[in-house]
Asks: 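Here you go, one structure.
Atoms considered below: every heavy atom in the structure, side chains included; atoms not considered: hydrogens, waters and symmetry mates.
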Amino acid sequence: MKKLAEQINTLNEGLAEQLPVEILEIFGRSIADLQAQKYKENSILVGQTFPEFRLPNTNNEDIALKDILKSGKVIIAFFRGSWCPYCNLELKALQENLKAITDRKATLVAISPQTIAHNVSMKTDCQLEYELLTDKDNILAKDIGISFALQEYVIPTYQGLGIDLSLYNGNSTNELPMPAVFLLDTDGTILYKFVEENYMQRVDIEELIGNL
């Protein structure tokens, strides 16, 4: 199986051939605008304590961070939604490495603002064996500084591609989390952080596991 970075390169090449130049330019402008706001630097930091949360899983059962931490370290991966091909690649790659994670007594959960129903579909379609949690209205993502509102000039482009965030997220805010991954120690302290304004770049899973 190709590494995640190689899969993303293949995806980028395919999209560059399929999508009009105007759309690619809008996406590039959007990413540049987000990078200028320095979410990497301004979001929650390594060494800080990750905030407690209680979020519903695909069975509509509340999952609390304090309960997960009782079993060991925790990896939390924030993703934009099932409509995002980069998120699909990342979550599948994490699934492929799930045994390496659990062998180290760690628990993996993934969090998005999309509705429980969309998380259910994604879990089934991608054959994911770890919890997908719904952060409705990006409340947790806002708390840790990784939530942003999609720029007005990008929204029509998303909708033209069949991506209506109001249908996925159940609100009209057009807010998304940055792609982000956090490794927490058993007391909730952040040991490792990956936050990226460019949604085409994703966590180095080998590096992440190496920090367990």
Asks: Please determine whether side-chain hydrogen bond (donor to acceptor under 3.5 Å, both in side chains) holds for the pair Gln95 and Gln127, giving the CA-CA distance in whole Å, both sets of side-chain angles, and the decisive distance to 0.1 Å.
Replies: CA-CA 8 Å; Gln95 173 63 41; Gln127 299 180 315; over 6 Å; no
Asks: Output all residues satisfying side chain to side chain donor-acceptor pair (under 3.5 Å) with Gln151, sequence neighbours left out; order by chain, then residue number.
Replies: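 For Gln151, the residues satisfying side chain to side chain donor-acceptor pair (under 3.5 Å) (neighbours in sequence not counted) are Ser30.
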Asks: Could you tell me which residues satisfy side chain to side chain donor-acceptor pair (under 3.5 Å) with Asn60, sequence neighbours excluded, listed by chain and number?
Replies: none
Asks: Who pairs with Tyr86 by ring-ring contact (aromatic ring centres under 6.0 Å, His included), at least two apart in sequence or on another chain?
Replies: Tyr199
Asks: Pair Asn119, Thr134 - check side-chain hydrogen bond (donor to acceptor under 3.5 Å, both in side chains), show working.
Replies: CA-CA 8 Å; Asn119 271 349; Thr134 294; 3.1 Å; yes
Asks: Would you please name every residue forming a salt bridge (charged side-chain N to carboxylate O under 4.0 Å, His left out) with Glu196, sequence neighbours left out?
Replies: Lys40
Asks: Can you name the side chain to side chain donor-acceptor pair (under 3.5 Å) partners of Asp33, sequence neighbours left out?
Replies: Tyr153
Asks: Can you confirm whether the side chains of Thr115 and Lys136 place a donor and an acceptor under 3.5 Å from each other?
Replies: no
Asks: Can you hop from Ile163 to Leu19 via hydrophobic side chains spaced under 4.5 Å?
Replies: yes
Asks: Can you name the residues that form a salt bridge (charged side-chain N to carboxylate O under 4.0 Å, His left out) with Lys92, not counting sequence neighbours?
Replies: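 Not a single residue meets the salt bridge (charged side-chain N to carboxylate O under 4.0 Å, His left out) criterion with Lys92.
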Asks: Which pairs would a plain distance check flag for residues 73-84, meaning a side-chain donor or acceptor within less than 3.5 Å of a matching protein atom at least two apart in sequence or in another chain?
Replies:
unit_1	atom_1	unit_2	atom_2	d
Arg80	NH1	Tyr158	OH	3.2
Ser82	OG	Gln114	OE1	3.2

Asks: Report the residues that fulfil side chain to side chain donor-acceptor pair (under 3.5 Å) with Asp187, sequence neighbours left out, ordered by chain and then residue number.
Replies: Thr189
Asks: Search all heavy atoms of Leu91 against all heavy atoms of Ala110 and return the closest pair with its distance.
Replies: CD2-CB, 4.3 Å
Asks: Which salt bridge (charged side-chain N to carboxylate O under 4.0 Å, His left out) pairs, counting each pair once, include a residue from residues 164-177, with sequence neighbours left out?
Replies: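 Checked against salt bridge (charged side-chain N to carboxylate O under 4.0 Å, His left out) - neighbours excluded - the pairs reaching residues 164-177 are Lys142-Glu175.
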Asks: Looking at Lys123 and Glu129, is there a salt bridge between them, counting it only when a charged N and a carboxylate O are closer than 4.0 Å?
Replies: no
Asks: Could you walk me through whether Asn174 and Glu152 pass the side chain to side chain contact (heavy atoms under 4.5 Å, CB included) test, one step at a time?
Replies: CA-CA 9 Å; Asn174 290 302; Glu152 289 294 327; 5.6 Å; no
Asks: Taking only residues two or more places apart in sequence or in another chain, which ones pass salt bridge (charged side-chain N to carboxylate O under 4.0 Å, His left out) with Lys70?
Replies: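 With neighbours one apart ignored, the set is Asp67.
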Asks: Could you pull out every donor-acceptor pair under 3.5 Å between side chains of residues 48-55 and any protein atom, sequence neighbours left out?
Replies:
unit_1	atom_1	unit_2	atom_2	d
Gln48	OE1	Leu45	N	2.9
Glu52	OE1	Lys66	N	3.1
Glu52	OE2	Leu65	N	3.2
Glu52	OE2	Lys66	N	3.3

Asks: Can you list everything that forms a side-chain contact (heavy atoms from CB on, under 4.5 Å) with Glu207? Sequence neighbours excluded, please.
Replies: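 Residues passing side-chain contact (heavy atoms from CB on, under 4.5 Å) with Glu207: Tyr192, Asp204, Asn211.
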Asks: Of all heavy-atom pairs between Leu4 and Val203, which one has the smallest distance, and what is that distance?
Replies: CD2-O, 3.8 Å
